[in-house]
J.: 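I'd like to ask you about the structure that follows.
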Amino acid sequence: MSGGNRLGEFLRARRELVRPEDVGLRVTGMRRVRGLRREEVALLAGISADYYLRLEQGRDRNPSAQVLDALAAVLRLDAESTAYLIRLARPESRRRPERRERVPEGVELLLQTLNVPAFVVDKYRDVLAANRLARALSPLMAPGVNRLRAIFTDPVAQEYHPDWEENAPGLVAQLRAEVGTDTDDDRFRALVDELSRSSERFRTLWARHDVHRGESGAGLIRHPRGGDLRLRREKLAVTGTDGLLLVIYHADPGTPAAEALALLASLELSEGQSPRR
């Protein structure tokens, strides 16, 4: 993951995703570039082509707020991506001593009282804690697993999550939103470099520079005992920590997924109470 010209990389990636017709430009003849040309972005944003070139090349790193707003409009950025663009143009060094986040004791206790799969991840998507039902539901929910590394490189994890390719763009966009402007974060840089080398899918998605924070949603889990379970997924921020999330999976009442999840919980409870031999 390069770090020297993050603003220019973002601008270039996003203009390649905007079609000329999206911004009212007529297309005549063959175009040799994807998306918009630099001079087209400059024209639509009301700045000189030379100035825009300097921005993309990293030779000018202090665009005004008006310029950033104009570029965001031309590149059709939503509010979250616009805020990300502004952070790239106004980077703040956040060098901190290396430390691992700890799951608060109260959250650890909460995990064990929930009768639905629940686990805690940090901003790098390392699983730090999980209850028994989460570990039984999917190998991606076990402490010590990095969920990004597993979903992009582990065939077993991909079998448990057959919709992983559909969800992959959101996972990558969430990672960039979480720590994408922290250029001093060595763990983040190492993770992105590793995934870029080992997964073409990740490398392609990372190059898009999509930005989107995770929200509650749904996911499909193919469990060897319970079959296909369509479950809701809630993500709750753990206050007082640097980016920890409590992730909870649950099913709509009365659905086959709810029945399968209840059966799995019952099996886990009985096996946990069985004497060891």
J.: According to the interplanar angle, ranging from 0 to 90°, do the rings of F202 and F152 count as parallel (below 30°), tilted (30 to 60°) or perpendicular (above 60°)?
T.: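 Answer is perpendicular, since the angle exceeds 60°.
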J.: Has T241 got a side-chain atom pairing as donor or acceptor with V238's backbone, closer than 3.5 angstrom?
T.: yes
J.: Just checking, any donor-acceptor pair under 3.5 angstrom between side chains of Y84 and E80?
T.: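 Looking only at side-chain atoms, E80 and Y84 do not form any donor-acceptor pair under 3.5 Å.
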J.: Would you verify whether the NZ or CZ of R187 falls within 45 degrees of the ring axis of Y124 while also being under 6.0 Å from that six-membered ring's centre?
T.: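 Pair R187/Y124 counts as cation-pi.
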J.: Using salt bridge (charged side-chain N to carboxylate O under 4.0 Å, His left out), reason through R37 and E40 one step at a time and then give a plain yes or no.
T.: CA-CA 5 Å; R37 298 187 177 100; E40 291 170 337; 3.3 Å; yes
J.: Tell me if a side-chain donor or acceptor on T153 pairs with a main-chain N or O of R149 at a distance below 3.5 Å.
T.: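 Flag set: sc T153 to bb R149 pair under 3.5 Å.
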J.: Please tell me whether T255 and D252 have a donor and an acceptor in their side chains that are separated by less than 3.5 angstrom.
T.: no
J.: Tell me, do L137 and L264 make a side-chain contact under 4.5 Å, heavy atoms counted?
T.: yes
J.: Mind listing the closest non-hydrogen atom pair of V74 and A45 along with its distance?
T.: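 That closest heavy-atom pairing would be CG2-N, 3.6 Å.
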J.: Count the heavy atoms belonging to other residues, nucleotides or ligands that lie under 6.0 Å from CZ of R230, then report whether that count exceeds 12.
T.: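 More than 12 heavy atoms, drawn from other residues, nucleotides or ligands, come within 6.0 Å of this atom.
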J.: Linking I/L/V/M/F/W/Y whenever any side-chain heavy atoms sit under 4.5 Å apart, do L220 and I151 land together?
T.: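 Different hydrophobic clusters.
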J.: May I have the step-by-step check of side-chain contact (heavy atoms from CB on, under 4.5 Å) for R233 and I248, ending in yes or no?
T.: CA-CA 6 Å; R233 180 177 57 243; I248 301 173; over 6 Å; no
J.: Compare all side-chain heavy atoms of H209 with those of E9 and state whether any distance is below 4.5 angstrom.
T.: yes
J.: Around atom CZ of R232, are there more than 12 heavy atoms from other residues, nucleotides or ligands closer than 6.0 Å?
T.: no
J.: I'd like to check L55 versus L71 (side-chain heavy atoms, cut-off strictly below 4.5 Å). Are they in contact?
T.: yes
J.: Atom CD of residue position Q112 - does it have more than 12 heavy atoms of other residues, nucleotides or ligands inside 6.0 Å?
T.: yes
J.: Rounded to the nearest 0.5 Å, how far does OG of S199 lie from CG of D154?
T.: 12.0 Å
J.: Before giving the answer on side-chain contact (heavy atoms from CB on, under 4.5 Å), spell out for Y249 and E234 the whole-Å C-alpha distance, their side-chain angles and the decisive distance to 0.1 Å.
T.: CA-CA 7 Å; Y249 279 77; E234 313 297 337; over 6 Å; no
J.: Looking only at heavy atoms, what is the nearest atom pair of P253 and A258, with distance?
T.: CA-CB, 4.4 Å
J.: Are L36 and V23 close enough that some pair of their side-chain heavy atoms sits under 4.5 Å apart?
T.: yes
J.: Taking all heavy atoms of R222 and all of E159, pick out the closest pair and write down the distance.
T.: CB-O, 3.6 Å
J.: Less than 4.5 Å apart, any side-chain heavy atom of L68 and any of T82?
T.: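 L68 does not reach T82 side chain to side chain.
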J.: Check whether R15 reaches the backbone of L75 with its side chain - one donor and one acceptor, N or O, closer than 3.5 Å.
T.: no
J.: May I have the step-by-step check of side-chain hydrogen bond (donor to acceptor under 3.5 Å, both in side chains) for Q174 and K123, ending in yes or no?
T.: CA-CA 9 Å; Q174 290 164 28; K123 63 183 178 182; over 6 Å; no
J.: Does the side chain of L244 come within less than 4.5 Å of P104's, by heavy atoms?
T.: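 Result yes, sub-4.5 Å side-chain heavy-atom pair found.
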J.: Please give me the minimum heavy-atom distance between L114 and N131, naming the atom from each residue.
T.: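 Nearest pair, atom of L114 first, then N131: O-ND2, 3.7 Å.
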J.: Please answer: with hydrophobic residues joined when any side-chain heavy atoms are less than 4.5 Å apart, are L88 and L53 in the same cluster?
T.: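 Not linked; separate clusters.
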